[in-house]
Structures are given as C-alpha cells and as structure tokens.
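Here's the structure, in structure tokens; my notes come after.
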Number of protein chains: 2
Amino acid sequence: MALFDLLGRHWAMGILWNLCEAGPLTFRALEAKCETITPASLNKRLKELRAAELVHRVEGGYGATVLGDRLYDHLLSMADFSLEWADHLSQCD
Amino acid sequence: MALFDLLGRHWAMGILWNLCEAGPLTFRALEAKCETITPASLNKRLKELRAAELVHRVEGGYGATVLGDRLYDHLLSMADFSLEWADHLSQCD
DNA sequence: GAAATCACTATAGAAAAGATAGCGAATGAC
DNA sequence: GTCATTCGCTATCTTTTCTATAGTGATTTC
C-alpha cells in the first residue's frame, strides 16, 4: 500500500514515466514535459521519488534507477490496458 | 495519462484493490477496509470509479467490473514489485 | 561582463482531503 | 406500531495539498 500511496501522489507516475521514456531530463525539461506541474510540486515529487530510490540524479539531470525502470514496465502494461479502457468508455457514451 | 490521473487520486487504487480482493462490499464495509478514508472521499472516489466503468453497483453494495478486475491484475503485479522494492529500501537504510 | 539558463524557493490563493456529525430510508426485533 | 440498528450517503469546518506567479543565487554563454 505504501507504493500505491507514493504513486498516488499528484504527477508521481507521470514523472517516472517521462524520465523512463525520454531518458535523463533536467529539472526544466521535466517541468516542460509535465505541462501542468509547478516547480514546487515537481521538486517535492522528485524528493519523494529519490527517497524511494526510484529516481536519482545523473549527469544531465534526473534519471530513473534500475528499480524505477522496473516499475516503469508495470506502468507500460497499465498504459496498454488504458487503451482498451478508453475504447470501452467511448463505446458506452 | 487519464488513467494515471484517475488512479492517482487519493485511495482510488486502494478501493479497487479491496473490492477485487474481498468481493462485493457495502459502502460501510469499504469504509472500514480503507481505514483512514472519510465517507466524503469514499463517495467521491466511488463516483469517479463508476464513471470510469471500473466499479459498479451490485447486489450487496459495490463490486469491480470486468474492466476493473483486469486493472486489478496490473495492481497485483505492481504489488509483487513492491515487495522487491521494500526489500531494496530496507537494505539501503 | 551582460544575458541566458540552471535548479530550485517564496508567497498567496484555490482546490482537495480529513474529522466529525448527522440525515432520511430500509430492516428487524419487540 | 415503534424503537434501535444499519444502510448510503451529505454538511460543515479545519487542515493539508496543489496552482500560479514571481524571484533567487549559481553557473554557463557570448
């Protein structure tokens, strides 16, 4: 449940997603990727994700750890599911 | 991203988790399972999850839809990962 | 050495969540 | 029939979190 709690925080999954997808990103680049996030929130999430060893500082900004990458695999499979889900929803409306 | 947004809301994954694990539950039973949730939040999340067709009303309260169950599979595999993650964290500290 | 870019921090307002109490409807015992 | 219990919520108020916007000092660029 601790994992769900951490990932349930605003933009937590989005940050990990972007870091894994686009490789190491600077603070500013991440800020731009997560279009609606504010620097204060981004900084907070980064601190939490770093404390959780899912993200760490690398040359060129921030990057996912090995663990973060493994979690990303799960997010990927959830993203697959989300397409199916979107299909289903559009059929119902 | 819409899925991450929905599931990122407070207790959203926990609610789905409990519904899938414990079968149909009444509002009060769910409230008890999610120990720290308030009825106002629970009601809000339930409305969102129902709008997303992941949860629906059934005899005996609320239950997961077929789609919700499929999403639960992904949560399960994330829970597996979380054990690994917890191990890793405890080693570092 | 002035300008741009970096990673943030500060502050103020809006939105979400938490705590607690209570409502009307249905059920069941007496 | 009425009293108590359980049901699914709703209302109110406080606290926490997020957003918007501006700005800081440090480093790099020209």
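Protein chains get the first letters and strands the later ones, always in sequence-line order, with residue 1 at the start of each.
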Problem set entry | Nearest-neighbour nucleotide for the F27(B) side chain, dA17(C), dG8(D), dA11(D) considered | dG8(D)

Exercise. Once you round to the nearest 0.5 Å, how far does CG of L83(B) lie from NE2 of H88(B)?
Worked result: 14.5 Å

Exercise. How long is the line joining CD of E31(B) and P of dG18(C), in whole Å?
Worked result: 12 Å

Exercise. Which part of the nucleic acid does S41(A) contact within heavy-atom distance under 4.0 Å: base, sugar-phosphate only, or nothing?
Worked result: base

Exercise. Just how far, in rounded Å, is P of dA17(C) from CG of L46(B)?
Worked result: 13 Å

For this session: Taking only the side-chain nitrogens and oxygens of R57(A), find out if one of them lies under 4.0 Å from OP1 or OP2 of dC8(C).
Result: yes

Exercise. Do the side chains of M1(B) and L16(A) join up, straight or via other hydrophobic residues, at under 4.5 Å, putting them in one cluster?
Worked result: yes

Problem set entry | Short side-chain N/O contact to dT10(D) OP1/OP2 from K47(B), under 4.0 Å | yes

Problem set entry | Check: L19(B) and Y72(B) side chains under 4.5 Å, non-hydrogen atoms | no

For this session: Please report, rounded to the nearest Å, how far the P atom of dC18(D) is from the CG atom of L42(A).
Result: 12 Å

Exercise. Do H56(A) and T65(A) have side-chain atoms, one donor and one acceptor, less than 3.5 Å apart?
Worked result: no

For this session: Find the distance E59(A):CD to dA7(C):P and express it as a whole number of Å.
Result: 13 Å

Exercise. Contact class for T26(B) vs. all strands (heavy atom < 4.0 Å): base, sugar-phosphate, or nothing?
Worked result: sugar-phosphate

Problem set entry | N43(A) vs P39(B), nearer the 5' end of DNA chain C by closest nucleotide | N43(A)

Problem set entry | Between C1' of dG8(D) and CZ of R50(B), the distance in whole Å | 11 Å

Problem set entry | Below 4.0 Å: OP1/OP2 of dA17(C) and any side-chain N or O of R45(B) | yes

For this session: Please report, rounded to the nearest Å, how far the C1' atom of dA16(C) is from the CG atom of D5(B).
Result: 13 Å

Exercise. dT16(D) P sits how many Å from W11(B) CH2, rounded?
Worked result: 19 Å

Exercise. If each of I37(B) and R28(B) is mapped to the nucleotide of DNA chain C with the nearest heavy atom, which maps nearer the 5' terminus, i.e. the 5' end?
Worked result: I37(B)

Exercise. Hey, is the main chain of T36(A) close enough, under 3.5 Å, to the side chain of W11(A) for a donor-acceptor pair?
Worked result: no

Problem set entry | Distance in angstrom units between R9(B) CZ and dT17(D) C1', rounded | 14 Å

Exercise. At under 4.0 Å, does any side-chain N or O of H10(A) touch on OP1 or OP2 of dA16(C)?
Worked result: no

